[in-house]
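This report concerns only the one structure given below.
Both backbone and side-chain heavy atoms feed into the values below; hydrogens, waters and symmetry mates do not. The chains referred to below are lettered A, B, ... by the order of the sequence lines, with proteins before strands, and numbering in each begins at 1. These figures come from a predicted structure and were not determined experimentally.
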Amino acid sequence: MNRTERVEQILETFNKDNFKTQLIDWFKKEQRILPWRENQDPYRVWVSEIMLQQTRVDTVIPYFNHFLSKFPTPEALAEAEEQEVLKAWEGLGYYSRARNLQNAVREVVEQYGGKVPDNPEELGKLKGVGPYTKGAILSIAYDTPEPAVDGNVMRVLSRILHIEDDIAKQSTRKLFEDLVRELISEEDPSSFNQGLMELGAMICTPKTPSCMLCPVQSECRAFDEGVETELPIKSSKKKQKKSPYLLLLVKNETGDLLIEQRPSEGLLASLWQFPMVPMKDLDMEAAKHWFYGEYGLKVEFDEGVDQIKHVFSHLIWEMEVIPAKVVEGTLDYERATFVHPDEVVDYPFPVSHQKAFKHINL
DNA sequence: CAACCGTGGTA
DNA sequence: TTACCAAGGTT
């Protein structure tokens with residue numbers, strides 16, 4: 001059975017009109033007041049959707065307000081320094097979102113005169129704009145009936161329609177997109193899509209859904225069968241691998257601090273950090289030798305002042321924070337520099353290194 | 001497809 | 001504490 005036939009079978013006995021009417025009525029009445037809902041400005045919608053990827057609403061709100069005051073238009077963002085954009089993103093995580101957003105906005109300014117594209121083809125070519133974000137912008141900013149399937153939508157529809165496909169698999173998203181194309185309101189696709197997401201965030205939550213408050217309870221197959229907490233099906237991800245490091249707070253003779261910029265691709269790309277010595281298979285003496293080889297500086301270590309764990313999606317850094325001072329040598333490392341401790345705040349740092357920096361003033 | 005890519009909240 | 005979760009995208 002192909003996907004089209006499956007969609008037809010799933011929806012054969014489903015009351016579409018009742019579902020979309022009750023969902024939209026509920027959303028219009030109960031939706032939260034959020035900064036990005038003040039208007040339909042496509043740029044604002046776009047920025048909000050990027051920030052909201054894998055990130056909670058409460059976390060995004062202050063970042064969104066600050067970002068929009070700093071970069072109020074596509075032109076303003078296009079003209080900004082990348083470091084300035086990363087600084088505004090500092091602490092939000094997934095930093096490629098920020099670089100991709102700025103690259104895409106520059107593309108919009110240059111190719112489309114600063115107007116965010118209103119069609120799937122051009123929108124989908126922009127960096128960082130995937131299937132979900134594309135549909136979200138088209139429906140919310142341009143009232144176009146395109147699916148915007150995120151984790152909320154898959155959870156809600158898994159329950160409503162009792163679908164047991166693994167939502168961790170990418171192919172499953174396409175099934176839900178096909179279903180949404182059949183269900184979506186042509187009159188108000190924005191409220192329909194946002195209603196599905198809002199329902200997932202406020203009522204149809206992962207652990208303990210509030211089915212007694214649900215506006216579409218009467219259409220929910222999972223509730224009818226008493227299996228709402230068994231859905232959706234999602235395969236578990238594997239554990240992160242741990243890596244030990246020394247995080248060195250190196251001061252020179254004048255009290256300046258050694259910092260370095262990370263590579264422009266990969267983990268925490270283009271952010272700044274304090275030097276880190278990979279301690280797998282190394283002791284403290286070997287660490288000093290390693291550091292001399294990398295940076296051209298001989299240093300003395302103080303006692304460790306803290307242990308910091310940095311948990312990523314797929315790995316964990318276990319760092320011992322070591323104050324150190326330069327004994328001899330000249331800095332010989334292109335991406336590193338000494339700065340006054342007061343200037344460290346001007347650079348974008350990952351959260352773990354911000355924590356380590358607190359030990360500088362002790 | 002599965003790995004990579006951050007961070008903070010919560011049970 | 002562990003494990004999962006939160007308006008995904010890229011490679």
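- Protein atom NZ of A:Lys127 is 17 Å distant from nucleotide atom C1' of B:dC5, rounded to whole Å.
- Taking the charged nitrogens against the carboxylate oxygens, A:Arg44 and A:Glu38 do have a contact shorter than 4.0 Å, which makes a salt bridge.
- Between A:Phe312 and A:His310, the ring planes are parallel. Angles under 30° get that label, and only those over 60° would be called perpendicular.
- For A:Lys169 and A:Leu315, each mapped to the nucleotide of DNA chain B holding its nearest heavy atom, the one lying further toward the 5' end belongs to A:Lys169.
- Contact annotation: A:Tyr95 side-chain N/O to B:dT7 OP1/OP2 distance is under 4.0 Å.
- Distance noted for atom P between B:dG8 and C:dG9: 22 Å (whole Å).
- Closest-nucleotide positions on DNA chain C for A:Val149 and A:Lys309 were compared, and the one nearer the 5' end corresponds to A:Lys309.
- Residue A:Arg262 is classed as having no contact, given no heavy-atom separation below 4.0 Å to the nucleic acid.
- Counting any heavy atom pair closer than 4.0 Å across all strands shown, A:Gly91 reaches sugar-phosphate atoms only and no base atom.
- Among C:dT10, B:dG6, B:dT7, the nucleotide with an atom closest to any side-chain atom of A:Pro350 is B:dT7.
- Taking atom OH on A:Tyr94 and atom P on C:dT10, their separation rounds to 14 Å, with Å as the unit.
- One can place CD1 of A:Ile50 at 7 Å from P of C:dG9, the figure rounded to the nearest angstrom.
- Closest-nucleotide positions on DNA chain C for A:Asn100 and A:Leu34 were compared, and the one nearer the 5' end corresponds to A:Leu34.
- Proximity of A:Asn152 to A:Leu199: side-chain heavy atoms (C-beta onward) are nowhere separated by under 4.5 Å.
- Side-chain N/O atoms of A:His310 include one lying less than 4.0 angstrom from OP1 or OP2 on B:dT7.
- Between the NZ atom of A:Lys207 and the P atom of B:dG9 there is a distance of 16 Å, rounded to whole Å.
- Note on A:Val311: a base of the nucleic acid sits closer than 4.0 angstrom, heavy atoms only.
- In this structure, A:Gln53 does not reach the C:dA7 phosphate: none of its side-chain N or O atoms is under 4.0 Å from OP1 or OP2.
- Of the candidate nucleotides B:dG6, C:dA3, B:dT7, C:dA3 has the atom nearest to the side chain of A:Lys239.
- Separating the CG atom of A:Leu52 from the C1' atom of B:dT7 is a distance of 14 Å, rounded to the nearest angstrom.
- Side-chain N/O atoms of A:Thr55 include none lying less than 4.0 angstrom from OP1 or OP2 on B:dG8.
- No engagement by A:Ser48 is indicated, since no non-hydrogen atom pair under 4.0 Å with the nucleic acid exists.
- Note on A:Arg99: nothing from the nucleic acid sits closer than 4.0 angstrom, heavy atoms only.
- Residue contacts shown for A:Trp36 include a base, since a base heavy atom lies under 4.0 Å away.
- For the C1' atoms, the distance linking C:dG8 with B:dC1 amounts to 16 Å, nearest Å.
- Taking only side-chain nitrogens and oxygens, A:His314 comes nearer than 4.0 Å to OP1 or OP2 of B:dC5.
- B:dC5 and C:dA7 have their P atoms separated by 23 Å, given to the nearest Å.
- Between B:dA3 and C:dC4, the distance separating the two P atoms is 15 Å to the nearest Å.
- Aromatic ring orientation, A:Phe274 versus A:Phe357: parallel (interplanar angle below 30°, classes split at 30° and 60°).
- Taking atom CG on A:Asp58 and atom C1' on C:dC5, their separation rounds to 14 Å, with Å as the unit.
- When the nucleotides B:dG6, C:dC5, C:dA7 are ranked by their closest atom to the side chain of A:Met197, C:dA7 comes out on top.
- Judged by distance alone with a 3.5 Å cut-off, a donor-acceptor contact links the side chain of A:Gln170 to the base of C:dT10.
- In this structure, NZ of A:Lys238 is placed 14 Å from P of C:dC4, rounded to the nearest angstrom.
- Between A:Lys87 and A:Glu90 there is a salt bridge, since at least one side-chain N of the basic residue sits less than 4.0 Å from a carboxylate O of the acidic one.
- Donor-acceptor pairing under 3.5 Å, judged by distance alone, is absent between the side chain of A:Thr59 and the base of B:dG9.
- A salt bridge links A:Arg173 to A:Glu177: at least one charged side-chain nitrogen sits closer than 4.0 Å to a carboxylate oxygen.
- A straight line from CZ of A:Phe312 to C1' of B:dA3 spans 16 Å, rounded to a whole angstrom.
- Inspection of the A:Glu49 and A:Tyr132 side chains reveals an N or O donor paired with an N or O acceptor under 3.5 Å.
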